[in-house]
Chemist: 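The structure under discussion is supplied below as structure tokens; questions concerning it will follow.
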Amino acid sequence: MLARRTTTSVPRAVRTTTPVDDLLAARTQMAVSLGFHIVFAEIGIALPLMMVVAEWRGRRSNDPELLALARRWARGTAILFAVGAVSGTVLSFELGLLWPRFMEFAGPLIGLPFSLEGFAFFTEAIFLGVYLYGWDRVSPRMHIAAGVVVALSGAASAVFVVMVNAWMNGPVGYELAADGTLIGVDPIAAMGSPTAFAQIVHQLLAAYAATGLAVAGIHALLMLRGAKAAFHRHALSTALLIGAPAAVLLPVSGDLNARVVARTQPVKLAAMEGQWETERGAPLRIGGWPDESTETTRWALEIPNALSLLAFHDPQATVRGLKEFPRDERPPVAIVHFAFQVMVGLGTIAALVSLWAGWVAWRRRDLTGNRRLLQALALVTPFGFIATEAGWVVTEVGRQPWVVQGLLRTSDAVTPMPGLVVPMLLFTVLYIGLGAVVVVLIAAMVRETRDATRMAGTAEHRAVSASAQ
Amino acid sequence: MDAASLPLVHAMVIAIALNAYVLTGGADFGGGVWDLLASGPRREQQRETVAKAIGPIWEANHVWLILVVVVLFTAFPPAFAAISIVLHVPLTLLLLGIVLRGAAFVFRSYGSPADAAQRRWGRVFAIASVVTPVFLGICVGAIVSGAVGERLALVRSGAAGFAAVYVRPWLAPFPLAVGALTLALFAFLAAVYLTLEAKDAEVREDFRRRALAAAAVAAVTALLGVVAGRWGAPRLQAALLSSAGGILLLLAAALALATAAWCLWTRRWALARVAAAALVSLVLWGWVYAQNPMLVPPALDVHQAASPPATLRLLLWALIGGAVILAPSLLYLYRLFSPTAPRR
Ligand code: HDD
Ligand code: HEM
Ligand code: HEM
């Protein structure tokens, strides 16, 4: 806004700062930062739990393989947690750097859960230090307890921060003054947005499913490549113990999310489903491409009445279509619809594979002999994380043009500083670089495990635990 | 508690959290400075001492900064917005430093043990540790100087160029001097702590010499700050030099510096640590004292910027509850990893 005055002499073609460009850059930067952070956050919720379960089983059965596994996962956690912590720090500043007007407007209401989250971070970081560096300093029982605290505070962080997001989707706990500011502020009520429960349950399940299936998939792949050790059997079973039930529950929980969205954000539901007309007994559209110029969704497979049934549990219910809303209150339809299809599609496959694994485990108690199952597990390795990204795109892009549904537009929330493309590119490059390094380091750890598990039993254990120090 | 004093309480909470951050997280950055400046025959032992000392605790120490940010935006949203708008550029650079420091540290600790990789991440860790405190100090200097508050009207009217609003408030002698002082104080603090962490007497002597040098640099940068502040932050200087409280704080800081130097000279390590921590805290409280009750001088004071009492009251309860969990946990962490703690 400010620079435009000083750049009026610059030819139009090379001018970089228009408000639209700045807004787009800010939105992109936020999306990149959150899309990066959420991967580490989900791992930070689920991996500590897996690590504690492995250690607990190992100590109970006095099994050195399981203890070695716990140590390996702890090393991975150390790297991933640190990247999660620094990217989270970036986010807390970015709320102000990119959306100062949003924070000025909503800070009094949503600050409380953020502050509670701050204390969850403290306990998480403190007891992770105890866990990672305390193998030979604390008793086994204290060690496991420290791991449990890490796992619990990771989940608590997610609960608090998703409360904030839920408030953005369904703001409550205030009255609106004549000048548009919030009065009668009630932060406790604001923590109980109508979308909070569904979102929190869904996000927690997503973290366990995404991480559990990814770890299971990696070990399945190693076994397909010939590593046969008991180590991988333990890894696979522990990861699936956490990931598979969550993956099976996700579609059930997602159904609740969809019904809440239908009630609280009808235009988001219409965008998710590519529903243009308001109709009774609306069909469910699978695939297809919503076209905003003709206001139709083409090439979709339509299942009659299924949308009304799913969204309202009544095959004849009326679903409101996009055309009922002014154009400047509709989100970008194609992105939302596509992202929703990706989440549901991948989620369905992941749930089916998890059911299969559960059935095999129940029938024969050994997953590792079944090559086809291992192949399927290897295939779904990234599905949980892709579905997570897609799900957040549905939530966030589906809320546009609002940053707080119905109250504050994204374009009114953005910082007045021009030139936002520069920080956006900076953080994008930084995160691509960091992501690449993390992948290389984790891949090296996996290779090390593979090589170690090709050796004979006892030597292998020694190598693993020595390198885990 | 009555509604009128709540904002002041929260401002104090922010100051206390900042104090905790500089004493813990600040020293972790200072450790990185000594990694960069490691030299002599015991260079690798110096680096190892630094890495061992900060490894288990830096992530917990770092959370103090996050607490500062969340309490600021919950209790004083307009102040958070104002600072974030005008100081966008240095805050972004601060964040880059924070990200690179933390990431490089774990990459070095848990990544490939090959020499080249270790050196590469060690370099990034060390350089980011030097740059980050400078930008932290610059941001503080820009706020204290009044430059941030003075730009708010310009932001609203949109009637000024980019540099006038987004660069000049912080790229000025006074904020730069505060940046240099911050770096020197963090490095000083770290060197003093490291004399207690060092296992080996020669390494301890290395850090003793470094601590004394850092104390001298800190004194020089403080003088630079005073000179730059005559023009750059006249309000701050007036507030400090024209009241008995301000003069008392300055004298106490000078005394703490002298005590720390004397303790180092005579090798009283534990006492030196107390004096060094006191010095850094006194500098911080001098700033708080001089700026009180302004948050973003001269535009916003704690009352103008405060959230409604309902929010402040709940936040206070959350802080008390959090402190009850936090204090024993932190003590446990530090005891467990103190250099004298027993191993099993
Ligand atoms: C492992 C990841 C994962 C999987 C397999 C699924 N989801 Fe999901 N979904 C998420 C991960 C996720 C998420 C990333 O965690 C979101 C974003 C916001 C939230 O609370 O959860 C989400 C949001 C989200 C929303 C939007 C909520 C809102 O905007 O308030 C709906 C309607 C669904 N999901 C529905 C489903 C359905 C019907 C699924 C059936 C298979 C499904 N999800 C699988
Ligand atoms: C605007 C949104 C967000 C902000 C401001 C934010 C902020 C932060 C901060 C400051 C940290 C660092 C804590 C530390 O130093 O230990 C962090 C870590 C974490 N965040 Fe976020 N976060 C956001 C979104 C999310 C979401 C959506 C989740 C949900 C799953 C989440 C879960 C976590 C977890 C589990 C950690 C622990 C670190 C780790 O395990 O890697 N955060 N976040
Ligand atoms: C729970 C914590 C979260 C909070 C508080 C939060 C907050 C915000 C805010 C303030 C914006 C900018 C305003 C807007 O565009 O509406 C935004 C945009 C966005 N966020 Fe989130 N977010 C959260 C989680 C996530 C996660 C985990 C993702 C992961 C992919 C994500 C993806 C996005 C995207 C894609 C946008 C840009 C939307 C657009 O402008 O089209 N968000 N978010």
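Naming convention: chains lettered A, B, ... in sequence-line order (proteins, then strands); numbering from 1 in each chain. Any value given below was found using the heavy atoms of this structure, including those in side chains, with hydrogens, waters and symmetry copies removed.
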Chemist: Determine the option with the most heavy-atom pairs under 4.5 angstrom with chain A, choosing from Ile57(B), Val71(B), Leu330(B).
Modeler: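 Looking at each option in turn, the highest pair count goes to Leu330(B).
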Chemist: Based on non-hydrogen pairs under 4.5 Å, which of Leu100(B), Val89(B), Leu333(B) is most in contact with chain A?
Modeler: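 Highest number of heavy-atom pairs under 4.5 Å: Leu333(B).
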Chemist: Does the ring center of Phe127(A) lie less than 6.0 Å from the ring center of Tyr131(A)?
Modeler: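 Ring centroids of Phe127(A) and Tyr131(A) are no less than 6.0 Å from each other.
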Chemist: Which bit of Leu312(B) comes within less than 4.5 Å of chain A, counting heavy atoms only: side chain, backbone, both or neither?
Modeler: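 Interface part for Leu312(B): neither.
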Chemist: Given heavy-atom pairs under 4.5 angstrom as the criterion, report whether the side chain, backbone, both or neither of Leu314(B) touches chain A.
Modeler: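 Both backbone and side chain.
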Chemist: Aromatic rings Trp64(B) and Phe122(A): how do their planes relate, parallel, tilted or perpendicular, breaks at 30° and 60°?
Modeler: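 The arrangement is perpendicular - the two ring planes meet at more than 60°.
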Chemist: What part of Ile66(B) gets closer than 4.5 Å to chain A, counting heavy atoms only: side chain, backbone, both or neither?
Modeler: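 Side chain only.
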Chemist: Shorter than 4.5 Å, heavy atoms on both sides: which option in Leu441(A), Thr415(A), Val437(A) has the most such pairs with chain B?
Modeler: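 It is Val437(A).
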Chemist: Do the non-hydrogen side-chain atoms of Arg101(B) and Asp28(B) ever get within less than 4.5 Å of each other?
Modeler: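 Yes, their side chains come closer than 4.5 Å.
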Chemist: Looking only at side chains, do Tyr334(B) and Asn61(B) share a donor and an acceptor under 3.5 Å apart?
Modeler: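 On atom types as modelled, these side chains qualify, holding a pair under 3.5 Å.
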Chemist: Contact part of Trp58(B) toward chain A, heavy-atom cut-off under 4.5 Å: side chain, backbone, both or neither?
Modeler: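 When you check distances to chain A, only side chain atoms of Trp58(B) fall under 4.5 Å.
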Chemist: So which part of Thr123(A) gets closer than 4.5 Å to some heavy atom of chain B, the side chain, the backbone, both or neither?
Modeler: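 Interface part for Thr123(A): side chain.
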Chemist: Sort Phe80(B) into side chain, backbone, both or neither according to what part of it lies under 4.5 angstrom from a heavy atom of chain A.
Modeler: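 The side chain, not the backbone.
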Chemist: Taking the six-membered ring where the residue is Trp, are the ring centres of Phe114(A) and Phe73(B) under 6.0 Å apart?
Modeler: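 Yes, close enough.
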Chemist: Ile188(A) versus chain B, heavy atoms under 4.5 Å apart: side chain, backbone, both or neither?
Modeler: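 The answer is both parts of Ile188(A).
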Chemist: Which bit of Ile83(B) is near chain A, if near means a heavy-atom gap under 4.5 Å: side chain, backbone, both or neither?
Modeler: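 For Ile83(B), neither part sits under 4.5 Å from chain A.
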Chemist: Check whether Ala163(B) gets within reach of chain A through its side chain, its backbone, both or neither, counting any heavy atom under 4.5 Å.
Modeler: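 No part of it gets close to chain A.
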Chemist: Where does Phe337(B) contact chain A at under 4.5 Å (heavy atoms): side chain, backbone, both or neither?
Modeler: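 Looking at Phe337(B), backbone and side chain both touch chain A.
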Chemist: Most heavy-atom pairs under 4.5 angstrom with chain B, which of Val83(A), Val440(A), Val130(A)?
Modeler: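 Among the listed options, the one with the most contacts to chain B is Val130(A).
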Chemist: Side chain, backbone, both or neither: which part of Val99(B) has a non-hydrogen atom closer than 4.5 Å to chain A?
Modeler: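 Both parts, backbone and side chain.
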Chemist: Given that the side chain runs from C-beta out, which part of Trp121(B) has a heavy atom under 4.5 Å from chain A: side chain, backbone, both or neither?
Modeler: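 Just the side chain, heavy atoms under 4.5 Å.
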